[in-house]
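Labels below follow one simple rule: chain letters A, B, ... track the order of the sequence lines, proteins then strands, and each chain is numbered from 1.
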Amino acid sequence: MDAIITDTSEQNSFLIRCKDLSVHYRQPNGHFTRVLSNLSLEIRQGENLVIIGPNGAGKTTLLKIIGLLISPTNGNIWFREKLLEKINARERLQIRRKIAFVHQKPVVLNTTVKKNLAYPLLIRRFPKKKIQQKVSQMLKLLELSKFINHPARKLSGGEMQRVAIGMSLIYEPELILFDESMANLDPSNQHLIEGLMQNLLNDQSKTLLITTHDPMEAIKFGDRIAVLNQGKIIQIDKPERIFLEPNDAFTAQFVGYENIFEGFGVIDSDTGINNIKINDITIAASKAREGKVKVCIRPESIVISHYRPKEISFRNILKGNIMKCNDLGIVFHVFVSVSTDVFLVSITRNAWNTLQLSLGEPVFISFKATDVQIL
Amino acid sequence: MEILPVSIKMNPILVGFSEAFNLLFSFDEEIWSIIFLSFQVSGIATLISVIFALPLGSYMGLQEFRWKKTISTIINTCMGFPTVVLGLIVFLLLSKSGPLGNLALLYSPVAMIIAQILLTFPIILGTTKAAVESVSSSVKELLLSLGSTRFQLWKSLLLESRKSTISGVIMAFGRAISEVGAVMIVGGNIRWYTRTFTTAIIMQTRMGDFGMAIALGMILLLLTFIINIFLTHLQTEEA
């Protein structure tokens, strides 16, 4: 049964298909800037795809191309089966009217909240009664009813972003593009907008494309995550795979693997044990490759203890000294030096309190072979 | 006994002021015809300019096209065009031997309106263009992404920039009504026909008839004051 379900989801028809998108332009000083290079991407009908990447990776540019706000220098885009290059202005408008774009910074029109929300319906020639009904519904949803006749530009940033999101949702678009729309929001606004998002995420008729530089947000919202760096998609996969099996050092670092080491893989064909030599230490990994490798271990996967742990599930037990501790509120980051290397271990405040660690103290760090990720 | 000559000396100006109030509040027919004509000429000229310059200016602000920079420079030059030279150009066009001479429009309110259209058109065009251009690109993108057609986008941008655009129109009207060079040359300051605030003030001052000049001057000043209240209000609200 499961197999059938995954099978159909794999075959799910795509909503947007981008092939070999490139964007480059010449700057006034003559430099050639590449924003996107040969990027291909398929967005399936109804899925929630998160594009994650650092600032300047090309996230916004990609989103604007998909939102038909700018054209790529090269490459093709299909909306369903329509190749966008070949359609006329009328069809283009029809497609654009099915897409919504929410900016990073809130953008609203210089008029009242009510008129802002009514605008997308007005230009679609909705009947007056319907507009009124939809606007008041949306106002309630956004908890902005008391600001109905307030000038939208005079609202606070969070309230303004709520209006902007309301404008984008009121005409029930099929594809919604969120360009880091959750950044710069205070917790109460964030909570409210996340509530709205939750409905959208579950709605199979709506396809969401969200950009962010926050890995936690990516896990929260994404059915799939695409890692974008320097105009290229480095990895696109289910969130757990991105986090557990990053295929690239950039991805690993970006999604929070702080323990990245360069080592040398040795596979013992007799015992089947995979060892990786990192400087003076050797660790065991469940999978490995011969020769030069990069490995990473998530800080949460490492356990810290005063005595050598008894559990046999830990294949790797190393002895080190506490070097530094950072109090991050809910968690503590403990840096443990093992020989010439430093491991970052993330422990909860509770664990911190029971362990009573002090600087320079000898400790054991242990982690499973399966938690060693080979890049 | 020494005081008398002084009071006699002061007389013309004082008399001028009292006469001015008299003229204004007795609703002197001539003074009100001058006021009416001035408003009519400048009002019609500004209105016609608005009808043409507003769509054109917003289009130019929205669209990229060839020679845009050059054309913008020309418009900016025209915004500061000396009105006397404008008057001269219109005079040459409308004079008997000019290309439009057979229309016999010289020394008529129509000629004055034409001159003032040439004055106000570039001002409204330039300010509208700049106003639409100054609407941030993210608002343009918002309007597009919400599904605006080209026409709806244009209309909304004009609405977004309404404050600067209205300022431009008021400024153009202010320039037109206080302008003297062009209306003097092409209107000819004919009594009951083409005499405006400014041409009347010049003539009455030269004739030493301060009453009428002061009365008209006060109205013109009041008008400028009101226009500036409007402008300041618009600009402070913007900030």
Side-chain angles (χ1 to χ4, degrees), chain A residues 60-61 63-71 89-90 92-112 115-126 151-154 160-161 163-179 181, chain B residues 54-55 57-59 61-66 68-70 72-73 127-170 230-239:
Chain A
T60 302
T61 307
L63 228 58
K64 282 185 180 172
I65 290 173
I66 293 171
L68 304 186
L69 294 174
I70 53 175
S71 303
R90 214 188 128 78
R92 215 179 154 81
L93 178 71
Q94 290 311 319
I95 290 175
R96 190 186 280 132
R97 287 194 165 181
K98 291 177 185 161
I99 304 175
F101 189 102
V102 183
H103 277 81
Q104 181 174 5
K105 283 188 196 134
V107 192
V108 292
L109 302 177
N110 192 5
T111 178
T112 62
K115 285 188 179 161
N116 260 284
L117 291 173
Y119 181 80
L121 304 176
L122 216 62
I123 57 174
R124 285 171 175 75
R125 300 188 197 288
F126 272 57
R153 293 246 170 103
K154 295 261 161 79
M160 228 196 282
Q161 187 64 305
V163 175
I165 291 174
M167 281 169 97
S168 300
L169 300 184
I170 203 161
Y171 57 95
E172 291 173 13
E174 289 179 41
L175 172 64
I176 308 163
L177 313 168
F178 287 97
D179 187 15
S181 317
Chain B
L54 224 55
S58 50
Y59 176 82
L62 181 62
Q63 209 71 28
E64 287 302 320
F65 49 87
R66 267 184 77 148
K68 187 170 177 173
K69 254 195 178 150
T70 319
S72 301
T73 313
T127 49
T128 307
K129 177 179 156 288
V132 170
E133 270 171 355
S134 73
V135 176
S136 75
S137 61
S138 53
V139 171
K140 281 175 209 169
E141 277 175 0
L142 173 75
L143 290 166
L144 272 178
S145 72
L146 290 176
S148 305
T149 61
R150 207 74 202 157
F151 181 70
Q152 285 163 339
L153 172 72
W154 168 79
K155 225 170 62 177
S156 308
L157 282 179
L158 203 54
L159 214 65
E160 278 289 302
S161 61
R162 59 188 177 271
K163 278 176 186 166
S164 319
T165 308
I166 292 169
S167 302
V169 174
I170 295 175
F230 256 114
L231 284 175
T232 317
H233 179 72
L234 278 173
Q235 275 149 12
T236 48
E237 205 173 298
E238 192 88 42

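The line from CG of A:Leu109 to CG of B:Leu159 is 9.0 Å long, rounded to the nearest 0.5 Å.
Residues in residues 127-136 of chain B take part in these salt bridge (charged side-chain N to carboxylate O under 4.0 Å, His left out) pairs, two or more places apart or across chains: B:Lys68-B:Glu133, B:Lys129-B:Glu133.
In this structure, B:Leu142 and A:Val108 have side chains that are not in contact, with every pair of non-hydrogen atoms separated by 4.5 Å or more.
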Polar pairs (donor with acceptor) under 3.5 Å from chain B to chain A:
unit_1: B:Glu141; atom_1: OE1; unit_2: A:Lys64; atom_2: NZ; d: 3.2
unit_1: B:Glu141; atom_1: OE1; unit_2: A:His103; atom_2: NE2; d: 3.1
unit_1: B:Glu141; atom_1: OE2; unit_2: A:Lys64; atom_2: NZ; d: 3.2
unit_1: B:Ser145; atom_1: O; unit_2: A:Tyr171; atom_2: OH; d: 3.2
unit_1: B:Leu146; atom_1: O; unit_2: A:Arg124; atom_2: NH1; d: 2.7
unit_1: B:Leu146; atom_1: O; unit_2: A:Arg124; atom_2: NH2; d: 2.9
unit_1: B:Gly147; atom_1: O; unit_2: A:Arg97; atom_2: NE; d: 2.7
unit_1: B:Gly147; atom_1: O; unit_2: A:Arg97; atom_2: NH2; d: 2.9
unit_1: B:Ser148; atom_1: OG; unit_2: A:Tyr119; atom_2: OH; d: 2.8
unit_1: B:Gln152; atom_1: OE1; unit_2: A:Arg97; atom_2: NH2; d: 3.3
unit_1: B:Gln152; atom_1: NE2; unit_2: A:Ile123; atom_2: O; d: 3.1
unit_1: B:Ser156; atom_1: OG; unit_2: A:Tyr119; atom_2: OH; d: 2.7
unit_1: B:Glu160; atom_1: OE1; unit_2: A:Asn110; atom_2: N; d: 3.4
unit_1: B:Glu160; atom_1: OE1; unit_2: A:Arg153; atom_2: NH2; d: 2.8
unit_1: B:Glu160; atom_1: OE2; unit_2: A:Asn110; atom_2: N; d: 2.6
unit_1: B:Arg162; atom_1: NH2; unit_2: A:Asn110; atom_2: O; d: 2.8

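Residues B:Leu144 and A:Leu69 approach most closely at CB-CD2, 3.8 Å, considering heavy atoms.
By the 6.0 Å contact criterion, CZ on A:Phe126 is enclosed, its count of non-hydrogen atoms from other residues, nucleotides or ligands being greater than 12.
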